[in-house]
Amino acid sequence: MATISGDAVKKATGRDWDEWFPLLDRAGAKKLAHRDIVDIVGTKFGVGSWWRQMVTVEYERARGLRVTNQNAMGFTATASKTVASPVERVYRAWINARTRQRWLNDPAVEIRSARPNKSLRIGWKDGTSVVVGFIDKSAGKSQVAVSHDRLKSAAAVARMKSYWKQQLSSLQDVVES
């Protein structure tokens, strides 16, 4: 089942999924790498960059070439939480090692880059990477969104989604206290 409606893709590209999938089959896309399918959708059919990616990903999913949460670098698990705490406090709970020990089960992380109160890029102990985004929701609330990238399997996605859900609940307890 496509994550984008046939009507939406037709409005943006001039074709719905019932047209795209056989068209790409005839172009030999089942045997091509992702970037080669993207190239066909863009050059042969004149689709813009964002939509050529979406058409390609949906085609790959429909033909069993890609599964949900999979990308070119592996799999990605995501989680987010809105908390009743200012974004500055939530951000500090991530970057301060002492505070991080209070809520994160694996506090010894490598912060690779940081944009204060906006985002963090973190190296994880198993070689995967984590991107954390912080959004000020006003009125003393903020949202934290985690994207754990380069996971090896769909099973790892399920484990890490559960892990991050628990960790973000623990974070909430710390920053709201």
Side-chain angles (χ1 to χ4, degrees), residues 1-13 17 34 48-58 60-61 66-177:
M1 180 80 186
T3 57
I4 298 174
S5 75
D7 290 341
V9 75
K10 184 167 185 126
K11 182 178 179 185
T13 68
W17 297 126
H34 175 84
S49 62
W50 190 85
W51 278 101
R52 73 180 71 155
Q53 287 290 336
M54 293 311 301
V55 167
T56 300
V57 168
E58 291 297 340
E60 289 170 327
R61 287 179 181 160
R66 175 189 297 244
V67 297
T68 302
N69 300 313
Q70 185 180 20
N71 59 45
M73 303 306 274
F75 291 81
T76 298
T78 59
S80 68
K81 184 94 172 154
T82 299
V83 296
S85 187
V87 73
E88 297 83 7
R89 185 169 185 184
V90 177
Y91 178 79
R92 279 194 312 271
W94 281 84
I95 63 167
N96 183 288
R98 195 175 200 172
T99 306
R100 196 169 54 240
Q101 286 180 329
R102 293 175 50 205
W103 65 271
L104 186 63
N105 282 346
D106 300 291
V109 299
E110 176 194 352
I111 296 177
R112 294 181 178 157
S113 68
R115 291 178 49 224
N117 304 321
K118 298 288 183 197
S119 66
L120 294 171
R121 292 192 179 278
I122 298 171
W124 205 247
K125 63 185 178 183
D126 62 359
T128 59
S129 60
V130 177
V131 178
V132 185
F134 303 91
I135 301 166
D136 184 357
K137 300 296 264 185
S138 73
K141 290 184 179 181
S142 54
Q143 182 181 29
V144 59
V146 175
S147 176
H148 198 138
D149 303 322
R150 298 179 181 254
L151 298 171
K152 303 267 186 236
S153 66
V157 170
R159 276 194 313 278
M160 294 316 293
K161 276 184 174 279
S162 175
Y163 172 85
W164 283 114
K165 182 177 179 183
Q166 292 169 354
Q167 300 309 296
L168 293 177
S169 288
S170 295
L171 170 67
Q172 180 179 23
D173 293 343
V174 168
V175 298
E176 289 183 357
S177 60

**Complete:** Of all heavy-atom pairs linking Ala114 and Tyr91, the shortest is CB-OH, 3.3 Å
**Asked** Does anything in residues 110-123 pair up under side chain to side chain donor-acceptor pair (under 3.5 Å), and if so which pairs, sequence neighbours excluded?
**Response** none
**Message:** I need the Glu58 CD to Ile4 CD1 distance, nearest 0.5 Å.
**Reply:** 5.5 Å
**Prompt:** Roughly how far, to the nearest 0.5 Å, is CG of Leu104 from CH2 of Trp164?
**Reply:** 5.0 Å
**Request:** Report the distance from atom CD of Gln167 to atom NZ of Lys81, rounding to the nearest 0.5 Å.
**Result:** 12.5 Å
**Asked** Looking at residues at least two apart in the chain, or sitting in another chain, which of them share a ring pair (Phe, Tyr, Trp, His ring centres under 6.0 Å) with Trp103?
**Response** Trp94
**Check against side chain to side chain contact (heavy atoms under 4.5 Å, CB included), Arg61 and Val57** = CA-CA 6 Å; Arg61 287 179 181 160; Val57 168; 3.7 Å; yes
**Request:** Kindly indicate, with the supporting measurements, whether the criterion side chain to side chain contact (heavy atoms under 4.5 Å, CB included) is fulfilled by Trp17 and Val55.
**Result:** CA-CA 8 Å; Trp17 297 126; Val55 167; 4.2 Å; yes
**Message:** Determine whether a donor-acceptor pair (N or O, by modelled atom type, separation under 3.5 Å) exists between the side chain of Thr99 and the backbone of Ile95.
**Reply:** no
**Request:** Answer yes or no: does atom CZ of Arg89 have more than 12 heavy-atom neighbours from other residues, nucleotides or ligands under 6.0 Å?
**Result:** yes
**Prompt:** What is the minimum heavy-atom distance between Val144 and Val90, and which atoms define it?
**Reply:** CB-CG1, 4.3 Å
**Message:** To the closest 0.5 Å, what do you measure between OH (Tyr163) and CG (Leu168)?
**Reply:** 9.5 Å
**Asked** For Lys141, does the NZ atom sit with more than 12 other heavy atoms under 6.0 Å from it, leaving out its own atoms?
**Response** no
**For the student: nearest non-hydrogen atoms of Glu176 and Ala84, plus distance** = OE2-N, 2.6 Å
**Item:** Pairwise distance CH2(Trp124) to CG(Asp106) - rounded to 0.5 angstrom
**Value:** 5.0 Å
**Fill in**
Tightest non-hydrogen contact, residues Arg100 and Ile111, listed as NH1-CD1, 3.8 Å
Indicate every side-chain donor-acceptor pair of residues 128-140 with a distance under 3.5 Å to a residue at least two apart or in another chain.
| from | atom 1 | to | atom 2 | distance (Å) |
| --- | --- | --- | --- | --- |
| Thr128 | OG1 | Asp126 | OD1 | 2.5 |
| Thr128 | OG1 | His148 | NE2 | 2.7 |
| Asp136 | OD1 | Ser138 | N | 2.9 |

**Request:** Determine the sole option in Val174, Asn96, Asp173 for which the side-chain contact (heavy atoms from CB on, under 4.5 Å) test with Arg102 is passed.
**Result:** Val174
**Request:** For side chain to side chain donor-acceptor pair (under 3.5 Å), just list the numbers for Asp149 and Ser147, CA-CA rounded to whole Å, side-chain angles, deciding distance to a tenth of an Å, and then say yes or no.
**Result:** CA-CA 6 Å; Asp149 303 322; Ser147 176; 2.8 Å; yes
**Complete:** Closest non-hydrogen contact found for Ala77 with Val157 is CB-O, 3.8 Å
**Prompt:** What distance do Ser85 atom OG and Arg92 atom CZ have between them, rounded to the nearest 0.5 Å?
**Reply:** 8.0 Å
**Item:** Gln172 side chain vs Val83 backbone, donor-acceptor pair below 3.5 Å
**Value:** no
